[in-house]
Amino acid sequence: MNVASMSILLIEDDVQDADLLQRQLAGQNIPNWKLEHVENLRSALKRLAAGGIDLVLSDLNLPDSTGFDTCGAILKQFPAMPIVVLTGLDDDKVALDAVRSGAQDYLVKGQIQGSWLVRVIRYAVERKQSQQEVARLASFPEMDPNPVFECSEDGRITYLNSAAQRRFPDLQAAGTRHPLLMDRGALRGKAFREIKIGSAYYEQHSYWVGGSQVIRNYILDITERKEIERVKEELIGNVSHELR
């Protein structure tokens, strides 16, 4: 996906909020970014089915859908679609849960700045691309530029790709004491978590491979994204303090 040219679908039933977002995005003067607006989930799904949309900005609470159901309905029909959710200040936990459920990021209404909006959109696209790349490379992990390793249920390492050997040279020697292997337990499906090792942050995606009887782990470095989130949280905290 080329972020220099994007078609964004805004799902927002509050006309004033929608108008504000449109003006903020227009104020960034990015000529090849286009924003379309619909007011409910039904209209959004119909527009997405027509094609040509690169990213969705969606309020979590719509006239015909609320909370996780909004993201879930979109991802069920369009699993490759990046989504950024819009939330009120008192819905932070709901927004974070939505991100864990498949959205790429969230923005707090009333505290959105144009430059920040552009950055979040670009990041959401990049994160979705990374997730898709992980899935695409799953069948040939040695070619994956990100660390990939496999282990047995008891934490014994059975495979390390080249990237994992370079990034975590102590993984095999440390055994189950290594942070990537701690608290994993029995797995019959898939699991996801964020983990900090040293000064770096990672996403760990784990999948049970029944045919091989191993757990395959894909590691993504999200240190830069966590720093962006920290700055965003500080901004939200400062604004909230000033408002109080």
Side-chain angles (χ1 to χ4, degrees), residues 68 71 82-85 87 91-108 111 116 119-135 137-138 141 144-187 189-209 214-241:
F68 304 139
C71 288
I83 301 175
V84 175
V85 298
T87 178
D91 291 331
D92 263 6
K93 183 180 183 303
V94 176
L96 287 171
D97 288 341
V99 170
R100 296 187 184 102
S101 300
Q104 272 58 63
D105 208 339
Y106 74 97
L107 289 164
V108 178
Q111 300 181 17
W116 190 261
R119 183 181 298 180
V120 166
I121 288 173
R122 284 178 170 153
Y123 159 70
V125 171
E126 291 170 3
R127 185 183 187 200
K128 192 67 175 184
Q129 288 175 334
S130 296
Q131 291 173 340
Q132 291 176 305
E133 186 69 2
V134 167
L137 292 170
D144 197 324
N146 297 301
V148 179
F149 71 91
E150 294 178 350
C151 61
S152 60
E153 287 185 276
D154 60 2
R156 179 174 51 87
I157 299 295
T158 59
Y159 169 77
L160 288 166
N161 76 344
S162 299
Q165 293 176 40
R166 292 192 300 270
R167 183 68 64 90
F168 306 109
D170 61 333
L171 179 57
Q172 199 154 20
T176 56
R177 290 171 295 142
H178 195 280
L180 291 173
L181 293 171
M182 292 176 65
D183 304 321
R184 291 286 75 190
L187 179 67
K190 60 183 179 180
F192 160 81
R193 67 172 175 173
E194 291 185 2
I195 184 170
K196 183 180 181 183
I197 302 177
S199 60
Y201 291 85
Y202 301 94
E203 281 185 355
Q204 181 175 6
H205 300 259
S206 303
Y207 302 87
W208 171 250
V209 184
V214 296
I215 300 170
R216 182 171 294 169
N217 298 268
Y218 300 90
I219 312 299
L220 299 175
D221 190 329
I222 59 169
T223 305
E224 182 178 355
R225 172 163 65 85
K226 295 298 288 186
E227 176 61 19
I228 292 174
E229 289 178 353
R230 184 189 66 79
V231 173
K232 181 170 68 175
E233 288 172 0
E234 285 184 0
L235 174 64
I236 292 173
N238 290 337
V239 172
S240 300
H241 176 73

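Residue numbers start at 1 and run along the sequence shown.
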Inter-residue atom distance [X].[atom1] - [Y].[atom2], 0.5 Å rounding:
{"X": "Arg216", "Y": "Ser206", "atom1": "CZ", "atom2": "OG", "answer": "12.0 Å"}
{"X": "Ile215", "Y": "Ser152", "atom1": "CD1", "atom2": "OG", "answer": "7.5 Å"}
{"X": "Gln104", "Y": "Cys71", "atom1": "CD", "atom2": "SG", "answer": "9.0 Å"}
{"X": "Phe149", "Y": "Asn217", "atom1": "CZ", "atom2": "CG", "answer": "3.5 Å"}
{"X": "Ile222", "Y": "Glu229", "atom1": "CD1", "atom2": "CD", "answer": "7.0 Å"}
{"X": "Leu220", "Y": "Glu194", "atom1": "CG", "atom2": "CD", "answer": "10.5 Å"}

Closest heavy-atom pair and its distance - [X], [Y]:
{"X": "Asn146", "Y": "Asn161", "value": "O-ND2, 3.0 Å"}
{"X": "Pro147", "Y": "Ala163", "value": "N-CB, 3.7 Å"}
{"X": "Pro82", "Y": "Ala124", "value": "CB-O, 4.0 Å"}
{"X": "Gln165", "Y": "Leu160", "value": "NE2-O, 3.1 Å"}

Do the non-hydrogen side-chain atoms of [X] and [Y] ever get within less than 4.5 Å of each other?
{"X": "Leu181", "Y": "Leu171", "result": "yes"}
{"X": "Tyr202", "Y": "Arg167", "result": "yes"}
{"X": "Ile197", "Y": "Phe168", "result": "yes"}

Does Gln172 have any side chain to side chain donor-acceptor pair (under 3.5 Å) partners at least two apart in sequence or in another chain, and if so, which? none
Where does the angle between the aromatic ring planes of Tyr207 and Tyr218 fall among parallel (under 30°), tilted (30 to 60°) and perpendicular (over 60°)? perpendicular
Arg230 meets the side chain to side chain contact (heavy atoms under 4.5 Å, CB included) criterion, sequence neighbours left out, with Glu227, Glu234
Start with the C-alpha distance between Ile219 and Ile195, add both sets of side-chain angles, then the distance that settles side-chain contact (heavy atoms from CB on, under 4.5 Å), and finish with yes or no. CA-CA 10 Å; Ile219 312 299; Ile195 184 170; over 6 Å; no
side-chain contact (heavy atoms from CB on, under 4.5 Å) for Tyr159 and Val214? Distances and angles first, verdict last. CA-CA 10 Å; Tyr159 169 77; Val214 296; over 6 Å; no
Please determine whether side-chain contact (heavy atoms from CB on, under 4.5 Å) holds for the pair Lys226 and Lys196, giving the CA-CA distance in whole Å, both sets of side-chain angles, and the decisive distance to 0.1 Å. CA-CA 10 Å; Lys226 295 298 288 186; Lys196 183 180 181 183; over 6 Å; no
Checking Ile228, Val125, Asp105 against Val120 for side chain to side chain contact (heavy atoms under 4.5 Å, CB included), the one that qualifies is Asp105
